[in-house]
Every structure is written in C-alpha cells, then in structure tokens.
Amino acid sequence: MATLVTIKSSPLEDAEALQKAFKGWGTDEKSVITILGHRSVYQRQQIRKTYQETYQEDLLKRLESEISGDFERAVYRWMLEPADRDAVLANVAIKDGSKGYPVIIEIVSVLSPEEVLALRRAYHNRYKHSLEEDVAAHTTGHLRQLLVGLVSSFRYGGDEINPKLAKTEADILHESIKEKKGNYEEAIRILTTRSKTQLLATFNRYKDDHGTSITKKLLDNASDDFHKALHTAIRCISDHKKYYEKVLRSALKRIGTDEDGLTRVVVTRAEKDLKDIKEVYYKRNSVHLEDAIAKEISGDYKKFILTLLGK
C-alpha cells in the first residue's frame, strides 16, 4: 500500500504556483513541498510538461538551480518517471563500486520483468550504452556473471511451481554455498532465470531439507562480494519489504544518516508499498518510521520525506 496522499489539481495552476515559488529573494520551499509532495507520478509528469510549454524551461533544471543538498536530490528523483529514476539510481550505484552492488541487485530483483525491461531501455536512452555493459565493465568473475545475469534477465512472471525442480535446485544451491566450493555457475543460472514464484518454492524447500534458511547459511559465509551479492539477491526476491526495512534501519542507525539509502526507499516505494514497509519497521523496532526519521534529518529535506511518508 502507498503512503502518498495525492490531491487533484490543474497542471497549469501547479506550474504557475511553482514559477511563483521560484521568484523573489530565495525559493518558497514550502510551496514546492506542498505541491510536488502531493502529486501522483502522472500528475508530476503533466506538471513538468506544462511547465516546459508555459515557460520554455525544464522544471527539473529549474529545481536543481533553486534548491540544494539532500532536499534537491530527493525532489529530483521524485520528479523522474519510475524507469528513468531506476536508471539514475543504477548508474549512481555502478559508480559507487562495491558499495553499490546491493543497490543494483535490489533494483532488478524487486522490479517485475516488464519493469526491468523498462529500466534497461531508460538506461540506454539516458546514458547511450547498456546497463549490462556498464555492470560488466565494473565487475569481474562470478560477481560479474551474477550481476550481468540479474540485470539482463527477463523472468517468467507466472505463479506456476514445479515442486520436483524446487527440490533439485534447493540441493544445487546447498552444494554451491557449502564451504564455498560449489558450482557457482549453476547457482547463478538458477537465481537469474527462474521465476520469483519458483525461486520462493526452492528457498522454502531448502529450509525444509537443510534445517535453516538459505539466507542464514549465506550470511555465515558472506565474507566476499560474491556471497554478499547472492545473499542480497535472495533476500530481495524472498521478501523485499523486510529487505527495505533493513535498508531503512541501517540508514538511520549508522553514525551520520545514509541519506541516499533513505531517499531511495522512500521515493521508490511511496506510491507502491511504503505503508507495508512502515508496518514491518514498527514491528521490528517498536518505533514508527516517521518518528525515527524525524530525529535523524532536518530542514526541508525532512519536511519533504515526511510528506511522502503521509505525514
């Protein structure tokens, strides 16, 4: 369930109000938050189009020049169409080296097959080369095989399950991660080609047959980037809401808030399932996400993030 509270409005009136907010000595940030923080993705694209037609200026570029810091990055990413936003997030993650691998895995493991395809098209249009090409250029070995496989995958999206296959592939995964001497190519093949429904059946069979979850087993062995990447992919496919809760918890509990992680989860999930993620966060931490965030960030960035959270 979404947290975004939308308000019906005229794109022209919104564009005019934003232009007014940019005039004078300093930007009226409150108006920017009030308008953009209460508009759906369709409304935001209409506002951007109308602003361009009315003032012959790209609203995104104007926003970049009027606001700054974490507030600007959050608003900028919020204003992009979802596939284009995912492309930007993926590109930032690639440039971030090993710290960015989990973000790439998160994006492509949580999206539907059609959304991954849209992401790859958006990435190609924006950066004039492919997502697979950039991922491959920045990684090596089994990690490269896994990441390139994940970003280029077009999984079957149906609900059918093959129980016999789940049993066979649970055993393959078990051997692959046992003492780090298994057939990694087979583990990569399974994780990058099977439908999410089939993979969930495989992970459940793994737990039944081996007495522990595959993520726990991987966590015990996750001393290198490849095993950490396997762990992240399986967590995202198994229960992405729990995964996002962990991202938020880590972002808020570290010394110096991880604003990039916080912004990424809020702007990408506010129109999808952020309400559910908030409930998972409360069950895990006995603190409401809004209250935890309010203690850690400040200013217009705080007001904007809390607005997307439904406050």
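With contacts defined as side-chain heavy-atom distances shorter than 4.5 Å, the pair Gln52/Leu59 does not qualify. Between Lys302 and Glu296, every side-chain heavy-atom pair lies at or beyond the 4.5 Å cut-off. Residues Glu245 and Asn285 meet the side-chain proximity criterion, which asks for heavy atoms closer than 4.5 Å. Here the side chains of Leu308 and Leu274 are not in contact, with every heavy-atom distance at 4.5 Å or above. Counting only heavy atoms from C-beta outward, the side chains of Thr3 and Lys278 approach each other to under 4.5 Å. Using a 4.5 Å heavy-atom cutoff, the side chains of Asp300 and Asp70 are not in contact. Between Asp209 and Lys167, some side-chain heavy-atom pair lies under the 4.5 Å cut-off.
The backbone N or O of Val5 sits less than 3.5 Å from a side-chain atom of His38, completing a donor-acceptor pair. Under a 3.5 Å cut-off, the side chain of Trp78 and the backbone N or O of Gly37 do not form any donor-acceptor pair. When atom types are taken as modelled, the side chain of Glu271 and the backbone of Val41 share a donor-acceptor pair closer than 3.5 angstrom.
Closest approach of Phe203 to Ser238, counting heavy atoms only: CD1-OG, 3.3 Å. Summarising the geometry of Gln198 relative to Asn162, their closest heavy-atom pair is OE1-N, 2.8 Å, with the distance given to 0.1 Å. Across all their heavy atoms, Ser109 and Leu150 have their closest contact at OG-CD2, 4.3 Å. Closest of all the heavy-atom pairs between Arg77 and Val92 is NH2-CG2, 3.9 Å. Shortest non-hydrogen contact noted between Leu306 and Ala294 is CD1-CB, 4.4 Å.
Electrostatic pairing of Lys303 and Glu29 does not count as a salt bridge here, judged by no charged N lying under 4.0 Å from a carboxylate O. Salt bridge present: Glu57 and Arg62 bring a charged side-chain N and a carboxylate O closer than 4.0 Å. Under a 4.0 Å N-O distance rule, the pair Arg189/Glu169 qualifies as a salt bridge. Under a 4.0 Å N-O distance rule, the pair Lys20/Glu13 does not qualify as a salt bridge. With respect to Arg264 and Asp260, no salt bridge is recorded, no charged nitrogen being found less than 4.0 Å from a carboxylate O. Here Lys283 does not pair with Glu279 in a salt bridge; the nearest charged N to carboxylate O distance is not below 4.0 Å. In summary, Arg205 and Asp208 do not engage in a salt bridge, as defined by a charged side-chain N under 4.0 Å from a carboxylate O.
Side-chain N/O atoms of Ser195 and Thr197 include no donor and acceptor closer than 3.5 Å. A donor-acceptor pair shorter than 3.5 Å can be found between the side chains of Ser9 and Arg39. Looking only at atom types and distance, the side chain of Gln19 has a donor-acceptor partner in the side chain of Tyr51 under 3.5 Å away. Side chains of Thr193 and Tyr156: a donor-acceptor N/O pair is absent below 3.5 angstrom, by distance only. Judged purely by distance below 3.5 Å, without hydrogens or angles, the side chains of His240 and Glu106 never pair a donor atom with an acceptor atom.
Ring geometry for Phe71 against Phe304 counts as perpendicular: the plane angle is over 60°, on a 0 to 90° scale with 30° as the lower cut. Relative ring orientation between His174 and His210 is described as parallel, the plane-to-plane angle staying below 30° on a 0-90° scale split at 30° and 60°.
Two rings, from Tyr101 and His138, have their centers 6.0 Å or more apart.
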- Task: With side chain to side chain contact (heavy atoms under 4.5 Å, CB included) as the test, would you mind laying out the steps for Gln45 and Glu81 before giving the verdict?
- Result: CA-CA 7 Å; Gln45 299 316 309; Glu81 291 184 63; 3.4 Å; yes

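Screening Asp84, Asp14, Asp58 for a salt bridge (Lys or Arg N to Asp or Glu O under 4.0 Å) involving Arg48 leaves a single residue, Asp58.
Dense packing is recorded around CZ of Phe154, with more than 12 heavy atoms of other residues, nucleotides or ligands lying under 6.0 Å away.
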